[in-house]
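Model, not experiment: these values are computed from the prediction. We count ligands from 1, going down the list as the structure has it; atoms in each ligand are counted the same way.
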Amino acid sequence: MAFKIDRIVLRHVKMPLVHFFQTSFGRTYERDIILVEVVADGVSGWGEVTAGENPFYNEEWTGSIWPLLKEYIAPRILGYEFAGPADVAARTSHIRGHKMTRGGLEAACWDLQARLNNEPLYKTIGGGAIKEIACGVSIGIQDSVDQLLQKIDTEVSAGYQRIKMKISPEWDVDVVREVRKRFPQIKLMADANSAYTLADAGRLKALDEFYLMMIEQPLAHDEIIDHAELQRQLQTPICLDECIRSAHQAEQAIKMGAAKIINIKLGRVGGFAEAKKVHDVCAKAGVPVWCGGMLESGIGRAHNIALSTLPNFVLPGDVSASKRYWKKDIIEPEVSVSGRGTITVTELPGFGYEIDHAALKSVTAQEEVLV
Ligand code: OSB
Ligand code: MG
């Protein structure tokens, strides 16, 4: 069904995390998130821009999103007659980078289409092969090893199917050794967020002894060639996150032997249309994928759930329960995870949850309507 967007509402929401989250590039206590609402014929679609508070994961940050949406993206979207959401990304493809911002708008258009069709978003994107999503958790760098062990214990007891721990040169081999000693059986992986270079290959090789499921993005955010070289030296499979911003890059990385597994993040690749292409390229090459997370509010989380219903999402993702992040999420009900570490996909139209407008209002710092 074709649509024409006559209004875009931007919201800046501030949501304190239940517990700080630390990666190799920094610590976050409170999320500053930009939400995008697109309105056509009185029906709203919702999206979330998944960029962080600082330009450290990629070039985007909370402050770059609003001006880009207002000055460059909205004028290309408002009033344009779209045959469908698959055509939205092309309207902003002349903009370099900033795929999370462009992708937040694109994802909102898919949600809009789902609501116009009165069907669940997973159906609109062509998903639905998986109805119960396998969940893992991502655990940040802690102040002490004891604190990390305690957190892992909590999440394993809750039923989560795999544990991802963040590593950095100050928090790696010795810490992973302690985790393995205490939890010899769990599915465990490590995410370095680009904290190493090829000169650290020996140090990374020391992780082989801990039979990790994978090591995620050890080297630079834009360095596929070095990852291929590193993979030749490691037994542990390399999973790429930051490096993969398009299906073409996924194809190249796989061909070069730079990745045996790929983490798909909806925002990082610019939305559902490209995420589906990345998924398909990987499926064709026999490379398993899983859904990454960016500490999303319920809106981005619900989009991730829809994405995770595509058939090649065969590994547990970083999509976990709302309560691990928020005292109160902005959707109703919150995303909850079963005792066997799964999320059941809902059949409600759109992304499958209601916006909790009172909760949303209470965390909104700024709002602007673009027409
Ligand atoms: O690399 O996957 C990452 C959070 C912020 C930035 C980058 C990453 C992450 C996570 C968190 O690992 C995943 C989540 O729980 O949302
Ligand atoms: Mg990562």
Side-chain angles (χ1 to χ4, degrees), residues 15 17-33 48-62 99-100 133-142 148 151-152 154-155 158 160-168 171 188-196 212-223 227 237-245 253 259 261-269 289-305 307-308 315-326 329 334-335 337 341 343:
M15 298 175 69
L17 289 164
V18 168
H19 188 270
F20 69 78
F21 190 80
Q22 184 172 336
T23 65
S24 62
F25 56 76
R27 191 179 271 203
T28 311
Y29 291 91
E30 183 181 54
R31 292 297 333 277
D32 276 287
I33 300 172
E48 172 167 343
V49 180
T50 60
E53 288 66 45
N54 298 292
F56 302 157
Y57 169 83
N58 63 5
E59 78 283 1
E60 297 178 81
W61 81 101
T62 308
K99 289 202 165 184
M100 289 174 164
I133 307 302
C135 306
V137 289
S138 175
I139 303 182
I141 293 167
Q142 306 297 318
L148 175 64
K151 282 201 166 296
I152 294 175
T154 302
E155 305 299 8
Y160 284 102
Q161 298 186 15
R162 72 97 170 99
I163 301 292
K164 159 167 143 184
M165 57 180 286
K166 294 288 188 178
I167 57 167
S168 75
W171 182 270
L188 180 67
M189 58 172 290
D191 185 1
N193 288 108
S194 301
Y196 300 89
L212 302 176
M213 290 174 85
M214 68 195 90
I215 175 165
E216 184 179 346
Q217 194 70 37
L219 309 180
H221 69 99
D222 55 356
E223 192 49 85
H227 277 103
I238 291 178
C239 167
L240 289 180
D241 174 354
E242 282 90 328
C243 272
I244 307 300
R245 291 163 171 246
I261 299 168
I262 286 181
N263 160 342
I264 301 183
K265 286 182 181 164
L266 186 58
R268 195 193 66 225
V269 302
V289 306
W290 53 275
C291 186
M294 289 296 291
L295 313 175
E296 288 92 345
S297 80
I299 293 173
R301 197 163 297 283
H303 283 264
N304 288 343
I305 293 168
L307 181 63
S308 302
L315 296 171
D318 279 347
V319 184
S320 45
S322 296
K323 68 173 183 204
R324 293 191 61 247
Y325 306 83
W326 322 114
D329 205 340
E334 302 195 329
V335 173
V337 169
I343 294 170

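- Of the charged side-chain nitrogens involved, none lies within less than 4.0 Å of a carboxylate oxygen, so that Arg162 and Glu216 do not count as a salt-bridged pair.
- The protein heavy atom nearest to atom 5 (C) of ligand 1 is Met294 SD, 4.0 Å.
- Here's the thing with Asn193: one of its N/O atoms is less than 3.5 angstrom from an N/O atom of ligand 1.
- Heavy-atom proximity to Asp318, at under 4.0 Å, picks out these atoms of ligand 1: 12 (O), 13 (C), 14 (C), 15 (O).
- Using a cut-off of 2.8 Å, one finds that Glu216 contributes an N/O/S atom close to the Mg ion (ligand 2).
- When Phe25, Tyr325, Phe56 are ranked by how near their heavy atoms come to atom 15 (O) of ligand 1, first place goes to Tyr325.
- Residues Arg245 and Asn58 have side chains in contact (heavy-atom distance under 4.5 Å, counting atoms from C-beta outward).
- With contacts defined as side-chain heavy-atom distances shorter than 4.5 Å, the pair Asn263/Ile261 does not qualify.
- Judged by the shortest distance from any of its heavy atoms, Arg324 lies outside the 4.0 Å radius around the atoms of ligand 1.
- At least one N or O atom of Lys166 sits closer than 3.5 Å to an N or O atom of ligand 1.
- Using a 4.0 Å cut-off to heavy atoms of Phe21, the atoms of ligand 1 that qualify are 4 (C), 9 (C), 10 (C), 11 (C), 12 (O).
- Ranking the protein heavy atoms by distance from atom 13 (C) of ligand 1 puts Gly293 O, 3.4 Å first.
- Counting only heavy atoms from C-beta outward, the side chains of Lys166 and Ser24 never approach each other to under 4.5 Å.
- For the pair Lys164 and ligand 1, the shortest N or O to N or O distance falls below 3.5 Å.
- Residues Tyr57 and Asp241 are in side-chain contact: their nearest non-hydrogen atoms beyond the backbone lie under 4.5 Å apart.
- Polar contact with ligand 1: absent for Glu242 (N/O pair, distance under 3.5 Å).
- Using a 4.5 Å heavy-atom cutoff, the side chains of Arg268 and Met294 are not in contact.
- Closest approach between the Mg ion (ligand 2) and any N/O/S atom of Asp191 involves OD2.
- Asp241 contributes OD2 as its N, O or S atom closest to the Mg ion (ligand 2).
- Among the backbone and side-chain atoms of Asp318, none of the N, O or S atoms lies under 2.8 Å from the Mg ion (ligand 2).
- Those atoms of ligand 1 that come under 4.0 Å of a heavy atom in Glu216, given as number and element, are 2 (O).
- In terms of polar-atom proximity, Tyr57 is not counted as a contact of ligand 1, lacking any N or O under 3.5 Å from an N or O of the ligand.
- Closest to atom 16 (O) of ligand 1 among all protein heavy atoms lies Leu295 N, 2.9 Å.
- In this structure, the side chains of Met213 and Trp290 stay at 4.5 Å or more apart for every pair of heavy atoms.
- Counted by atom type alone, Ser297 and Tyr325 present zero donor-acceptor pairs between their side chains at under 3.5 Å.
- Under 3.5 Å, the side chains of Asp32 and Thr62 contain no donor-acceptor pair of N or O atoms.
- With a heavy-atom cut-off of 4.0 Å, Thr23 does not touch ligand 1 at all.
- Side-chain contact check for Glu242 and Asn193: at least one donor-acceptor pair (N or O, by modelled atom type) lies under 3.5 Å.
- Using a 4.0 Å cutoff on heavy atoms, Lys265 counts as a contact of ligand 1.
- Put simply, the side chain of Thr50 does not reach to within 4.5 Å of the side chain of Leu266, judged on heavy atoms.
- Lys265 is not listed as a side-chain neighbour of Glu296, based on a closest heavy-atom distance of 4.5 Å or more.
- Counting the atoms of ligand 1 from 1 in the order shown, those under 4.0 Å from a heavy atom of Asp241 are 1 (O), 2 (O), 3 (C).
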